[in-house]
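The structure appears right after this line, and notes come after that.
This is a predicted model, so every value here is computed, not measured. Letters go in sequence order (proteins before strands), and every chain restarts at 1.
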Amino acid sequence: MNDRYDFKTIEKKWQNYWEENDTFHAQNDYTKPKYYALVEFPYPSGQGIHLGHPRPYTAMDIVARKRRMEGYNVLFPMGWDAFGLPTENFAIKNKIHPAIVTRNNVNRFRAQLKAIGLSFDWLREVDTTDPDYYKWTQWIFLQLFKKGLAYKKEMAVNWCTSCKVVLANEEVVSGVCERCSCEVIRKVKSQWMLKITQYAKRLIDDLEGLDYPDRVKAGQINWIGHSTGAEVDFSTSSGDTLRVYTTRPDTLFGATYMVISPEHPYLVKWESLLLNNAEIKAYQDASARKSDFERTEIAKDKTGVKLQGVTAVNPVNGENIPIFISDYVLMSYGTGAIMAVPGHDTRDYEFAKAFNLPIIEVVKGGNIEVEAFTDCATGIMVNSGFLDGLPVEEAKAKITAWLEEKGLGAPKENFKLRDWVFSRQRYWGEPIPIVYCEKCGFVPVPESQLPLMLPEVESYMPTDTGESPLATLESFVNTTCPACGGAAKRETDTMPQWAGSSWYFLRYCDPDNMGALASKEALDYWMGVDWYNGGMEHTTLHLLYSRFWHKFLFDIGVVKNKEPYLKRTSHGMILGEDGQKMSKSRGNVINPDDVIAEYGADTLRLYEMFIGDFEKTAPWSQSSIKGCKRFLDRVFGLHHIICYTNSNNGDEYSEELTVVIHKTIKKVTEDIEALKFNTAIAALMTLLNEIYGVGRISLTEFRTFLILLNPFAPHITSELFKKAFGKFIHQQKWVEYDMALCVDNEIEIAVQVNGKVRAKVNIPSNAEQGDVLNTAKSQLDIARLIDGKKIVKELYVKGRLVNIVVK
RNA sequence: GCCGCUGUGGUGGAAUAGGCAGACACAAGGGACUUAAAAUCCCUCGCUCGAAAGAGUGUACCGGUUCAAGUCCGGUCAGCGGCACCA
């Protein structure tokens with residue numbers, strides 16, 4: 001036998017075997033216990049996979065392979081989130097149809113993933129750009145529309161000047177486009193919206209009981225931004241009332257002015273009463289021109305204009321107070337109007353200082369000469385009439401009840417979450433299946449006509465008017481109204497990339513179903529996803545969107561679980577060798593294809609898992625990976641020391657290895673579940689070192705070792721197992737350990753005097769405390785140290801150490 | 001500002017539930033084998049003093065609790081990620 005492990009041949013051989021035999025195809029055998037392991041499907045970019053892809057994929061592959069050996073019917077699928085801008089931009093630039101670009105990219109991705117030896121069920125592959133798939137994306141949209149959760153609205157949207165496309169708030173990062181880093185401005189457009197806000201409360205509440213990392217839950221809760229308070233009506237001199245939302249109704253006595261958003265309809269309605277319309281108009285224009293980002297960037301200096309000609313009345317004390325417009329009040333949150341309490345709100349304080357407005361202390365505890373006092377926990381009400389002397393929380397309840405009684409206000413909860421802007425003016429997305437008829441309004445395309453196919457166009461270029469390229473296609477646009485049969489026009493916007501990924505995990509359950517997004521039986525059996533691993537960057541995007549869609553599908557009876565994912569984990573990023581994010585511009589990109597060519601897929605897998613804590617970022621190292629290669633070469637070399645005769649130990653392990661093997665089984669079994677792949681591998685390395693220390697390995701031991709290593713390094717273990725046992729390792733059962741055999745008979749413990757280790761002694765692991773202490777004290781080093789001293793305390797921590805405290 | 005997280009050798013990182021800090025690797029140094037190199041094998045490897053035995057010291061910093069603290073508590077500093085005029 002050649003001593004060097006020929007990974008190129010062997011890995012290819014097993015990949016071919018798995019492929020030809022559909023080894024990892026999940027059968028719809030509903031009698032077996034199921035396990036659904038899911039990883040986020042990739043966007044098949046033109047660059048192929050990068051080193052970040054194999055990390056989560058290998059991790060869940062390890063879980064999937066282990067689960068199969070544990071007897072589960074495992075669904076571990078893969079697909080392509082293939083609609084999207086980069087493909088479209090590439091298509092425009094190179095004059096190739098985006099569908100062809102997609103097909104090429106997908107083929108490359110698939111080949112690359114297969115070369116890693118991932119045990120995906122390739123018979124269940126899905127592609128969001130496949131009409132048989134997006135038919136159901138459109139179908140879900142229609143259900144949303146029918147339930148009033150999809151609506152069209154004229155609104156200021158985030159407009160990327162380079163992509164010429166509307167972006168969701170979530171896609172705007174620091175004022176620039178998440179994808180191209182170009183400027184994002186505000187532009188008024190008519191957009192399809194999804195009412196995710198209607199699910200805001202449930203999206204928070206149902207997080208309870210889900211096995212998600214706290215940082216993910218906290219991220220979503222923050223993003224949804226729930227608050228409770230009250231709405232209060234302020235009468236004004238126009239005769240109209242202005243309604244405000246406040247989380248601090250207790251401070252109502254301290255409200256010395258009001259501020260409304262520059263876009264507030266009050267300004268239009270009462271324009272005739274206002275004496276300084278020119279000034280107001282100038283301010284409105286200035287803030288309209290600012291992007292959301294600019295508006296929040298200059299947060300430091302408060303600006304605004306006082307309305308001349310109208311005033312408001314504070315409902316609790318009847319005081320006349322001025323009304324301002326300022327862009328620190330957003331029309332999109334609450335009522336677009338606030339009562340300003342400068343004594344107890346930092347922003348109001350700044351504004352009051354800038355405009356020299358009165359500041360009244362109504363909560364005692366701080367120093368409002370210096371800054372606003374905002375602490376709700378310790379403050380006591382003052383200067384507040386019937387609220388005086390109450391703690392803040394009691395005052396909130398009392399004033400809210402009072403307002404309700406007087407008909408001036410009511411309790412109210414609010415969310416920062418906004419509805420989901422669902423329109424994109426691009427070609428490469430799912431057409432929105434809606435027809436606009438002058439007579440009937442927005443009419444859904446009949447479900448029997450789905451999929452509404454993406455038509456062929458001459459050019460995919462977005463138009464300068466901001467319309468989708470589909471708008472230039474008269475044969476597509478002009479149609480008849482499904483309701484009245486009259487002339488009508490099709491919607492030409494397409495869906496955002498998040499649409500297809502909001503339900504793809506359902507399609508995997510039954511990917512070829514032509515009559516439903518998946519059969520009821522398949523969904524009932526496979527859902528929910530038992531373990532979903534993916535990136536932190538999707539906390540407020542994909543993860544939130546898909547939870548929303550799933551809840552909707554639950555409400556209309558399509559799925560039986562109100563939550564799609566039972567358990568969510570997140571992996572850390574792989575950085576370049578310089579500790580920076582890998583990027584072409586930094587020149588620190590390492591190509592997985594090259595790594596596989598040089599070291600093999602098993603080594604890549606092993607190193608990706610060994611590199612560090614799975615949940616944290618880790619820098620790649622071209623030299624550290626060699627350790628994993630060496631390990632596998634040494635595993636291959638085990639055939640030199642196999643004891644084939646093996647006559648006297650049957651199913652048992654040898655005396656020298658029994659404990660370390662049981663310990664390793666326990667460690668690997670538990671560490672995989674806890675995402676501690678790095679220490680699981682370390683334990684296998686330790687075991688291998690022990691085996692080489694002993695100098696021989698029995699077939700039973702070899703078998704156990706290979707099974708433990710198999711999820712991490714499936715190719716080499718499949719080969720060695722087949723050679724040694726003539727069987728397939730993926731058909732074996734996972735190995736078990738005996739707790740009683742995880743401890744050595746004799747163990748070494750530390751002996752401390754006053755908390756410092758002064759000696760080590762060997763004791764039987766089951767020794768009694770008294771015997772251990774006597775042994776410890778009889779040690780020369782210890783006897784010397786405690787001689788003549790008074791023993792204050794003696795402790796024995798079983799199996800660990802002895803501590804003798806002396807004075 | 002708010003929320004979440006992190007800080008351990010030359011490097012990546014270990015350390016159960018408060019119980020021997022540095023597992024497992026990488027790099028480095030020394031040695032064996034080799035004409036030589038690669039590969040492989042053996043040894044050393046936190047820091048200070050010491051030839052060694054050994055002693056002292058050490059988990060960002062300051063303090064506390066404890067027989068015992070990387071781990072728990074209080075405070076400080078530094079860094080990372082997310083949100084950010086949300087009333």
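A salt bridge links A:Glu40 with A:Arg568: the closest approach of a Lys/Arg side-chain nitrogen to an acidic carboxylate oxygen falls below 4.0 angstrom. Between A:Glu393 and A:Lys396 there is a salt bridge, since at least one side-chain N of the basic residue sits less than 4.0 Å from a carboxylate O of the acidic one.
Each of A:Ala337 and A:Lys666 was assigned the nucleotide of RNA chain B with the nearest heavy atom; the assignment lying further toward the 5' end belongs to A:Lys666. Between A:Gly627 and A:Gly334, the residue whose closest nucleotide on RNA chain B is further toward the 5' end is A:Gly627.
Shown here is A:Glu768, whose CD atom has no more than 12 heavy atoms of other residues, nucleotides or ligands within 6.0 Å. The 12-atom threshold is not exceeded at CD of A:Glu208, counting heavy atoms of other residues, nucleotides or ligands nearer than 6.0 Å.
In this entry the distance linking CZ of A:Phe631 with C1' of B:C26 reads 16 Å, nearest Å. In this structure, the OH atom of A:Tyr257 is 11 Å from the C1' atom of B:A87, given to the nearest Å. Between A:Glu577 atom CD and B:U11 atom C1' there is a gap of 11 Å when expressed in whole angstrom units.
Both tests hold for A:Lys302 against A:Tyr328: distance to the six-membered ring centre under 6.0 Å, angle to the ring axis within 45°.
Side-chain nitrogen and oxygen atoms of A:Arg634 include none within less than 4.0 Å of the OP1 or OP2 phosphate oxygen of B:A39. For B:G81, the OP1/OP2 oxygens have no side-chain nitrogen or oxygen of A:Arg215 closer than 4.0 Å. OP1 or OP2 of B:U57 has at least one side-chain nitrogen or oxygen of A:Lys756 nearer than 4.0 Å. For the pair A:Ser227 and B:A87, the criterion of a side-chain N or O lying under 4.0 Å from OP1 or OP2 is met.
In this structure, a donor-acceptor pair under 3.5 Å is present between the side chains of A:Asn533 and A:Thr569. Inspection of the A:Tyr333 and A:Ser227 side chains reveals an N or O donor paired with an N or O acceptor under 3.5 Å.
Among the nucleotides B:G13, B:A84, B:C3, the one closest to the side chain of A:Asn222 is B:C3. The side chain of A:Lys616 lies closest to B:U6, out of B:G12, B:U6, B:C85. Of all nucleotides listed (B:C26, B:A87, B:G13), B:C26 comes nearest to the side chain of A:Ser624. Counting only heavy atoms from C-beta on, A:Arg758 has its side chain closest to B:A55 among B:A87, B:A23, B:A55. For A:Lys793, counting side-chain heavy atoms from C-beta on, the closest listed nucleotide (B:C67, B:C26, B:G12) is B:C67. Relative to the side chain of A:Thr246, the nucleotides B:C83, B:A87, B:A15 differ in distance, and B:A87 lies closest. With distances taken from any side-chain atom of A:Asn678 to the nucleotides B:A27, B:A25, B:G13, the minimum falls on B:G13.
Among the protein residues, A:Asn689 comes within range of the sugar-phosphate backbone only, with heavy atoms under 4.0 Å from sugar or phosphate atoms but none that close to a base. Using a 4.0 Å heavy-atom criterion, one finds that A:Phe610 contacts the bases of the nucleic acid, with or without backbone contacts as well. Residue A:Thr539 is out of contact with every strand shown, counting any heavy-atom pair closer than 4.0 Å. Note on A:Ser621: nothing from the nucleic acid sits closer than 4.0 angstrom, heavy atoms only. Within 4.0 Å of A:Asp613, counting heavy atoms only, lie sugar-phosphate atoms of the nucleic acid but no base atom.
Within residues 669-677 of chain A, the residues approached by RNA chain B to less than 4.0 Å at the level of any non-hydrogen atom are A:Lys676, in residue-number order.
Between A:Thr686 and A:Thr664 the shortest side-chain heavy-atom distance does not fall below 4.5 Å. Under the 4.5 Å side-chain criterion, counting only non-hydrogen atoms from C-beta, A:Leu51 is in contact with A:Leu604.
Using cut-offs of 30° and 60° on the angle between ring planes, the pair A:His538 and A:Trp498 is perpendicular.
Nucleotide B:G70 is shown with an anti base, its glycosidic torsion being more than 90° from 0.
When each of A:Val797, A:Asn762, A:Ile763 is tested with A:Ile749 by the rule side chain to side chain contact (heavy atoms under 4.5 Å, CB included), just one qualifies, namely A:Ile763.
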Sort me out a list of protein N/O and nucleotides 18-20 of chain B N/O pairs below 3.5 Å, or just none if empty.
unit_1	atom_1	unit_2	atom_2	d
B:C20	O2	A:Lys760	NZ	2.7
B:C20	N4	A:Glu748	O	3.1

Which nucleotides of RNA chain B pair, in dot-bracket form (Watson-Crick or G-U under 3.5 Å, | meaning another strand): (((((((..(((......[....))).(((((.......))))).((((....))))..(((((..]....))))))))))))....

